[in-house]
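To keep things clear, I will list the structure first and then write my remarks on it.
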Amino acid sequence: QVQLVESGGGLVQAGGSLRLSCVASGGTFSMYTMGWFRQAPGKERELVAAISWSGGNTYYAESVKGRFTISRDNAKNTDDLQMNSLKPEDTAVYYCAARPGSALLGRYNYWGQGTQVTVSS
């Protein structure tokens, strides 16, 4: 069973940056694809970015391409989401998630508790 804990959310002005971090425990981190999802009020949860176990493959939602960067450190069991040029529409609860195997898309089995990101205009 994998446990995920996010940190790094907060309030930032439009155009600013935040870095979210996720620490994993209870499993072999390098065997999991990691993803970051977000859910805004009244909207469905969406996959924002994902990274394969090796870090060699990544996925980004169109809305964040060029602004967000996902990375991982298998030695530290962490993955991060660097968010730059933030917009008010990026406001949401962000969740770290994990799924076994190398596919970036599909069902994610393990979830963190979420961290709030609020971007003011």
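In this text the structure is predicted, and so the values were computed from the model without any measurement.
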In the structure I gave you, are the side-chain heavy atoms of L105 and L47 within less than 4.5 Å of one another anywhere? yes
Do the side chains of Q116 and T91 get nearer than 4.5 Å, heavy atoms only? yes
Any chance you could lay out the side chain to side chain contact (heavy atoms under 4.5 Å, CB included) test for M83 and V117, step after step, and finish with the verdict? CA-CA 10 Å; M83 305 185 294; V117 171; 3.9 Å; yes
Nearest heavy-atom approach of A24 to L4 is CB-CD2, 3.6 Å
Path from V64 to I51 over hydrophobic side-chain contacts below 4.5 Å: yes
Please check if the side chain of Q3 supplies one atom and the backbone of Q1 the other of a donor-acceptor pair under 3.5 Å. yes
Taking all atoms of both residues into account, what is the closest heavy-atom pair of S17 and S85, and its distance? OG-N, 4.3 Å
Look only at the side chain of R99 and the backbone of R107, and say whether a donor-acceptor pair between them is shorter than 3.5 Å. yes
Does R38 count as lying over the ring of Y94, i.e. NZ or CZ under 6.0 Å from the six-ring centre, within 45 degrees of the axis? no
Determine the minimum heavy-atom distance between L86 and L18, stating which atoms define it. CD1-N, 3.8 Å
If hydrophobic clusters are built from ILVMFWY residues whose side chains come within less than 4.5 Å, do M34 and Y60 share one? yes
Test log, rule side-chain hydrogen bond (donor to acceptor under 3.5 Å, both in side chains), inputs D80 and Q82: CA-CA 6 Å; D80 293 345; Q82 178 65 43; over 6 Å; no
To the nearest 0.5 Å, what is the distance between OG on S121 and CD on Q13? 9.5 Å
Under a 3.5 Å distance rule, please check whether E6 uses its side chain to pair with a backbone N or O of G114 as donor and acceptor. yes
Rounded at 0.5 Å granularity, tell me how far CG in N77 sits from OG1 in T28. 9.0 Å
Are F37 and Y108 near enough that their ring centres are under 6.0 Å apart? yes
Would a hydrophobic clustering, with Ile, Leu, Val, Met, Phe, Trp and Tyr connected at side-chain separations under 4.5 Å, put L81 with V119? yes
To the nearest 0.5 Å, what is the distance between NZ (K65) and OH (Y59)? 7.5 Å
Quick one: closest heavy-atom pair of N74 and S30, and the distance? ND2-CB, 3.8 Å
Between Y110 and L20, is there a shared hydrophobic cluster once you connect ILVMFWY residues whose side-chain heavy atoms come closer than 4.5 Å? yes
What I'd like to find out is whether the side chain of C96 reaches to under 4.5 Å of the side chain of W36, using heavy atoms alone. yes
Kindly work out whether a path of hydrophobic side-chain contacts (I/L/V/M/F/W/Y, heavy atoms less than 4.5 Å apart) joins V48 to V12. yes
Test the R72-F29 pair against the cation-pi criterion, namely NZ or CZ under 6.0 angstrom from the six-membered ring centroid and within 45° of the ring axis. yes
Contact summary for P100 and Y32, nearest pair of heavy atoms: N-CD2, 3.5 Å
Heavy-atom nearest pair, G101 first then T33, reads O-OG1, 2.7 Å
